Amino acid sequence: MIREIRENELDALLSLYLHLHETTVPEMTEHLAQTWETIVHDQNHHIIVNEIDGEIVSSCVCVIIPNLTRGVRPYAFIENVVTHADFRGHGYATACLAYARDIAERENCYKMMLLTGAKDEGTLRFYERAGFNSTDKTAFVQWIEP
């Protein structure tokens, strides 16, 4: 079942992120609790999950960003696309991305974009099959150290 995350599912999401790039589940601190509170109450921040038999097996984040160009139409940014290693190859992340597109269309976005650090061809083909291309824009990243 594709849906948006519920407020009480933070632990399940953080566990799923171990299949993304995290190596540990962060400790529940006041900062983490406040960040979660901000995210779940932000109408422009959507954490989409795919639930199978009561377990969250895939997810992505879709943030709608207000914009003053392109006819004052917002755009959507996709981040943290992940599927539990035991559930990959079944279309669960693709369904999450399709749900994100539905949100973007509903919000009248003029584009959706994402960045990936993946270099393997399989992952890049996955994003292309989901409707993304790597030819229209060039991405630059500047990391900010804590």
Side-chain angles (χ1 to χ4, degrees), residues 1-28 32 35-67 69-146:
M1 169 174 56
I2 307 292
R3 60 176 173 78
E4 292 200 43
I5 199 159
R6 298 180 187 116
E7 191 167 354
N8 67 344
E9 294 177 315
L10 175 60
D11 290 339
L13 182 65
L14 293 176
S15 292
L16 179 63
Y17 283 168
L18 293 173
H19 298 269
L20 183 60
H21 49 65
E22 297 301 307
T23 57
T24 62
V25 174
E27 178 184 336
M28 180 51 76
L32 177 58
T35 300
W36 180 243
E37 184 77 13
T38 298
I39 289 170
V40 296
H41 291 102
D42 181 348
Q43 67 181 11
N44 287 321
H45 201 130
H46 305 270
I47 298 178
I48 299 155
V49 298
N50 197 329
E51 176 188 339
I52 305 298
D53 297 327
E55 179 181 358
I56 294 174
V57 300
S58 191
S59 180
C60 73
V61 173
C62 175
V63 179
I64 307 300
I65 302 170
N67 182 39
T69 66
R70 304 286 182 158
V72 196
R73 292 176 63 196
Y75 57 95
F77 189 78
I78 307 300
E79 184 64 71
N80 297 336
V81 179
V82 60
T83 300
H84 188 291
D86 295 342
F87 292 87
R88 291 182 182 154
H90 299 284
Y92 299 132
T94 300
C96 287
L97 290 172
Y99 192 100
R101 183 179 175 97
D102 290 344
I103 291 170
E105 288 175 344
R106 182 183 73 225
E107 296 297 324
N108 195 33
C109 292
Y110 78 95
K111 70 177 176 183
M112 282 186 8
M113 62 183 173
L114 64 80
L115 300 173
T116 181
K119 305 294 183 222
D120 66 281
E121 288 299 317
T123 301
L124 300 178
R125 280 193 307 274
F126 160 74
Y127 287 124
E128 289 172 350
R129 285 191 308 270
F132 294 89
N133 75 69
S134 60
T135 59
D136 290 347
K137 298 273 185 173
T138 301
F140 292 89
V141 175
Q142 185 178 80
W143 297 101
I144 301 171
E145 295 296 323

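In this text the structure is predicted, and so the values were computed from the model without any measurement. For reference, positions follow the sequence shown, starting with 1.
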When you look at L32 and E27, which way does the side-chain contact (heavy atoms from CB on, under 4.5 Å) test go after all the steps? CA-CA 8 Å; L32 177 58; E27 178 184 336; over 6 Å; no
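- Expressed to the nearest 0.5 Å, how far CD of E105 lies from CG of D102 amounts to 6.0 Å.
- When all heavy atoms are compared, the tightest approach of W36 to E7 is NE1-O, 2.9 Å.
- Taking 4.5 Å as the limit, every side-chain heavy atom of S59 sits out of range of all side-chain heavy atoms of N80.
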Applying side-chain contact (heavy atoms from CB on, under 4.5 Å) to E9 and I47, what does each step give before you reach the verdict? CA-CA 11 Å; E9 294 177 315; I47 298 178; over 6 Å; no
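- Separation of atoms NE2 (H45) and CD1 (I65) is listed at 10.0 Å; rounding is to 0.5 Å.
- The two residues V81 and C60 make their nearest non-hydrogen contact at CG2-CB, 3.8 Å.
- Here the CG atom belonging to L10 is positioned 4.5 Å from the CE atom belonging to M28, to the nearest 0.5 angstrom.
- Taking CG of N108 as the reference point, atom CG of N67 lies at 11.0 Å (rounded to 0.5 Å).
- In this structure a side-chain-to-backbone donor-acceptor pair under 3.5 Å is present from H84 to D86.
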Begin with the C-alpha distance, continue with both residues' side-chain angles, and end with the deciding distance and a verdict on side-chain contact (heavy atoms from CB on, under 4.5 Å) for C62 and I48. CA-CA 7 Å; C62 175; I48 299 155; 4.1 Å; yes
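- Interatomic distance, F87 CZ to N50 CG, rounded to the nearest 0.5 Å: 10.0 Å.
- The number of heavy-atom neighbours closer than 6.0 Å to CZ of R3, taken from other residues, nucleotides and ligands shown, is above 12.
- Residues P74 and P66 share a closest heavy-atom pair of CB-CA, 4.1 Å.
- Within the 4.5 Å cutoff, no side-chain heavy atoms of T116 are placed close to those of F132.
- In terms of heavy atoms, V57 sits closest to L16 at O-CD1, 3.7 Å.
- When the shell of 6.0 Å around CZ of R88 is examined, it contains more than 12 heavy atoms from other residues, nucleotides or ligands.
- Using a 4.5 Å cut-off on side-chain heavy atoms (C-beta onward), K111 and R73 make no contact.
- Of the inter-residue distances, the one linking I52 atom CD1 with Y92 atom OH reads 4.0 Å to the nearest 0.5 angstrom.
- Counting only distance, with no hydrogens or angles, the side chain of N44 and the backbone of V63 share no donor-acceptor pair below 3.5 Å.
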Given the rule in the side-chain contact (heavy atoms from CB on, under 4.5 Å) test, do L97 and F126 qualify, once you have shown the distances and angles that lead to the verdict? CA-CA 11 Å; L97 290 172; F126 160 74; 3.7 Å; yes
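- The closest donor-acceptor contact from the side chain of H46 to the backbone of Q43 lies under 3.5 Å.
- Between I78 and M112, some side-chain heavy-atom pair lies under the 4.5 Å cut-off.
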